[in-house]
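Please read the structure below before turning to the comments.
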Number of protein chains: 2
Amino acid sequence: MSKTRITLKDVANKVGVHSSTVSRVLNPETRKMVTEEIAARILSAAAEMGYRPNAFAQSLKTNRSFTVGVMVPDLTNPAFAPIIKGIDNMLEAHGYSVIVANTYNLPEKQQSTAEKFRERHVDGLIIATAQRKDKLIDDCRREGTPFVQAVRASNDTDVSSVLSDEHIGGNMVISHLAQLGHKRIAYVAGPQFFSTGYERYQGFLQGMKNAGLKPDDDLVVFCEEFSEEEGRNATSKLLAGRKKFTAVYAGNDIMALGVYDELEADGIKCGKDISVVGFDDMPFADKFNPPLTTVHTPLVNVGSEAARILLEKINDADIPARTIKLKPDLIVRESTGRVR
Amino acid sequence: MSKTRITLKDVANKVGVHSSTVSRVLNPETRKMVTEEIAARILSAAAEMGYRPNAFAQSLKTNRSFTVGVMVPDLTNPAFAPIIKGIDNMLEAHGYSVIVANTYNLPEKQQSTAEKFRERHVDGLIIATAQRKDKLIDDCRREGTPFVQAVRASNDTDVSSVLSDEHIGGNMVISHLAQLGHKRIAYVAGPQFFSTGYERYQGFLQGMKNAGLKPDDDLVVFCEEFSEEEGRNATSKLLAGRKKFTAVYAGNDIMALGVYDELEADGIKCGKDISVVGFDDMPFADKFNPPLTTVHTPLVNVGSEAARILLEKINDADIPARTIKLKPDLIVRESTGRVR
DNA sequence: AAAAACTATGCAAACGATTGCAGAACATAT
DNA sequence: ATATGTTCTGCAATCGTTTGCATAGTTTTT
């Protein structure tokens, strides 16, 4: 059925002009080069015949694919879906398609998908998987590939990224807890090789300072990954220690869920006996038991801003790197309460 | 820095052969055509120079893009992330890239992304947005585009799809509820223009029959979309009616969440006073308050099976359509209990 | 009215691969 | 030794665009 696709030449023949003329008409940039009347005839013929440009031929010639690659650790992690949505919305509006790949936090997977993206000649990359020191970032810089980091950033200075302001977040959390009378606040830290893990921890430290509280090293435990399980382990360590605490602040919502579990298993009521706060405000955080007090990161905006910056970079390679920190909000729900 | 890309000709020159020879060596299918020794030299030269095929040139010539388009209603809906993950894993292993697009359940958006996919010459489509009567499906069939439907299916018979067996699911739910002594079971139905909405409703009806119960039309309310809000509205209608019920079965987990809200707002304890069950077992359904009894659909498998079938179809256009129904499981949690 | 300056269109060469065909080189059969 | 058959490799066309250049046609200038 779907006979051969219509090409430039086909519509050229029909109208009785050369294919290059058709090409010029169809490209807004060069439309004005050709007579109004011919242009009109070409346009209507193209529409009538249902002409669709062949993206390969175009890309081959122009060396632009109007495609960007997005790397996330795991599509299934609810925090990343909104980011991709933001990216997709923005890019789509500009005629780009996005190719998503999961790296599962595996460096070799990251490497191989970078390779795949290169083969497909993506015009740029959005990277949500960067570690604080990351080979991929080095490579991209060396090769001059346009890219921007989202949510997580490497330590490099002159690269673009859009992040949540983790320090502000930390401050808000601690001041909220302090206001409720909490002094002995435990911190369940995410992996320190991710900027999110590191910066949030720094934010916690600074928040404590600002609140006039002294962080207690015995009440800080570092996790190897942002997972429920690590959240549980950390909590059981905390519980096993002899230091008392009235609140625990987790590196992200998923870990907070692990905290819930372990506390619950110990017969401790979250939000009553011990306050718990997370970070991210992932979808459905308001449905947990109890609804989780957390720092809302505007994830969709992180995605769309990252996309916007990438577009700028793609269209003008000389544009200077830029890093945007989006203001987070504290969302108070029932997992935090006055200290008893 | 990233000087000009290495082409076939470059490595041909280096080795002192013609580019076509290099092409043959690099393609496993034609490798045997050329002398071992030359092949070896070409291979090592290619590796050394870091040759990467230009996907556009390849696609232009072969008319295969090794790309597939995936349509979902909303990436942000937690039920779809696992599906995409399954698709991606399977396809990636076969050298394909996936382009994802959200249609937000808007027919015109669906249409335009189909257009976009056509332009990009995707080799096939996975459609998770189909309505029971769907123009897109008609179009694809007419054009002979390889595609498979995932989760939702149109009414058409000879098209491939991979679904959850909604009837079995319904049976399990009702028999579980019946066993707990529930007789007056309300049903909050999803949109009937989606197969999921329709089939699940049929499954409910059949489940009731099998359990020897009589469904009460006054206890069935149809929703316009699978949303929390619709779940709330439906519940308030149910509550307003004079018919009593001891359990409510919702068309999916998200709607069940709406049921929770409204019941709660009425001072009714879910799982105690009234049992509620959902469908899908979306991520974190076990974290809700109370943890939700629901039908677990193997979403990742839905994705990977859909991808597998699509690959078959792409590689052999004559392969007959196939529809797979995956067995769901009932996951009993705390939102259901013995009738009081 | 001829020269100069534009305009609008066509021509043809790319882009980087794949692939049918042809011919060279060599092996085998007669 | 000739005819025949096999391998192997190169040639060149092709996929569908884009785009610099040439040219025919038109307008402006003098």
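In what follows, chains carry the letters A, B, and so on, assigned in the order in which the sequence lines appear, proteins first and then strands, with residues in each chain numbered from 1.
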**Item:** Length of the line joining A:Phe56:CZ and C:dG16:C1', which is rounded to integer Å
**Value:** 14 Å

**Request:** Scan A:Arg52 against the nucleic acid and name what it touches under 4.0 Å (heavy atoms): base, sugar-phosphate only, or nothing.
**Result:** sugar-phosphate

**Prompt:** Where the side chain of A:Thr21 meets the backbone of A:Val17, is there a donor-acceptor pair that is under 3.5 Å apart?
**Reply:** no

**Asked** Between A:Met33 (CE) and C:dT9 (P), how many Å, whole number?
**Response** 12 Å

**Asked** Between B:Phe194 and B:Phe226, how do the two ring planes meet: parallel, tilted or perpendicular, split at 30° and 60°?
**Response** parallel

**Phosphate-side-chain proximity, A:His18 and C:dT9, N/O vs OP1/OP2 below 4.0 Å** = no

**Prompt:** Is any side-chain N of the basic residue among B:Arg5 and B:Asp10 closer than 4.0 Å to the acidic one's carboxylate O?
**Reply:** no

**Asked** Does any N or O donor sit under 3.5 Å from an N or O acceptor when you compare the side chain of A:Arg24 with the base of C:dG10?
**Response** yes

**Asked** From A:Glu92 CD over to A:Ile87 CD1, what is the distance, rounded to the nearest 0.5 angstrom?
**Response** 13.5 Å

**Asked** Salt bridge between B:Lys135 and B:Asp139, side-chain N to carboxylate O under 4.0 Å?
**Response** yes

**Prompt:** Over how many whole Å does the gap from A:Leu60 atom CG to C:dC15 atom P extend?
**Reply:** 9 Å

**Prompt:** Does anything in residues 34-47 of chain A reach DNA chain D, meaning a heavy atom under 4.0 Å, and if so which residues?
**Reply:** none

**Message:** Please tell me if A:Thr62 has a side-chain N or O lying less than 4.0 Å from either OP1 or OP2 of D:dT18.
**Reply:** no

**Message:** Keeping A:Asp158 on the side-chain end and A:Ala321 on the backbone end, is there a donor-acceptor pair under 3.5 Å?
**Reply:** no

**Asked** Between B:Phe56 and A:Phe56, does the ring centroid distance fall short of 6.0 Å?
**Response** no

**Asked** D:dT17 P sits how many Å from A:Ile6 CD1, rounded?
**Response** 10 Å

**Complete:** In whole angstroms, the gap separating C1' of C:dT18 from CG of B:Asn63 amounts to 12 Å

**Prompt:** For B:Ser20, which contact category applies under a 4.0 Å heavy-atom criterion: base, sugar-phosphate, or nothing?
**Reply:** base

**Message:** Output the rounded distance in Å from OH (B:Tyr51) to P (C:dT18).
**Reply:** 6 Å

**Request:** Using whole Å, report how far NZ of B:Lys61 lies from P of D:dA12.
**Result:** 16 Å

**Asked** What integer distance in Å separates B:Lys9:NZ from D:dA12:P?
**Response** 12 Å

**Fill in**
By nearest-nucleotide position on DNA chain C, the 5'-leaning member of A:Lys32 and B:Ala57 is A:Lys32

**Prompt:** At under 4.0 Å between heavy atoms, what does B:Ser23 touch on the DNA or RNA strands: base, sugar-phosphate, or nothing?
**Reply:** base

**Request:** For the side chain of A:Asn54, starting at C-beta, report the closest nucleotide among D:dG10, C:dG10, D:dT17.
**Result:** D:dT17

**Message:** Can you see if the side chain of B:Gln58 gets near the phosphate of C:dT18 - specifically, an N or O under 4.0 Å from OP1 or OP2?
**Reply:** yes

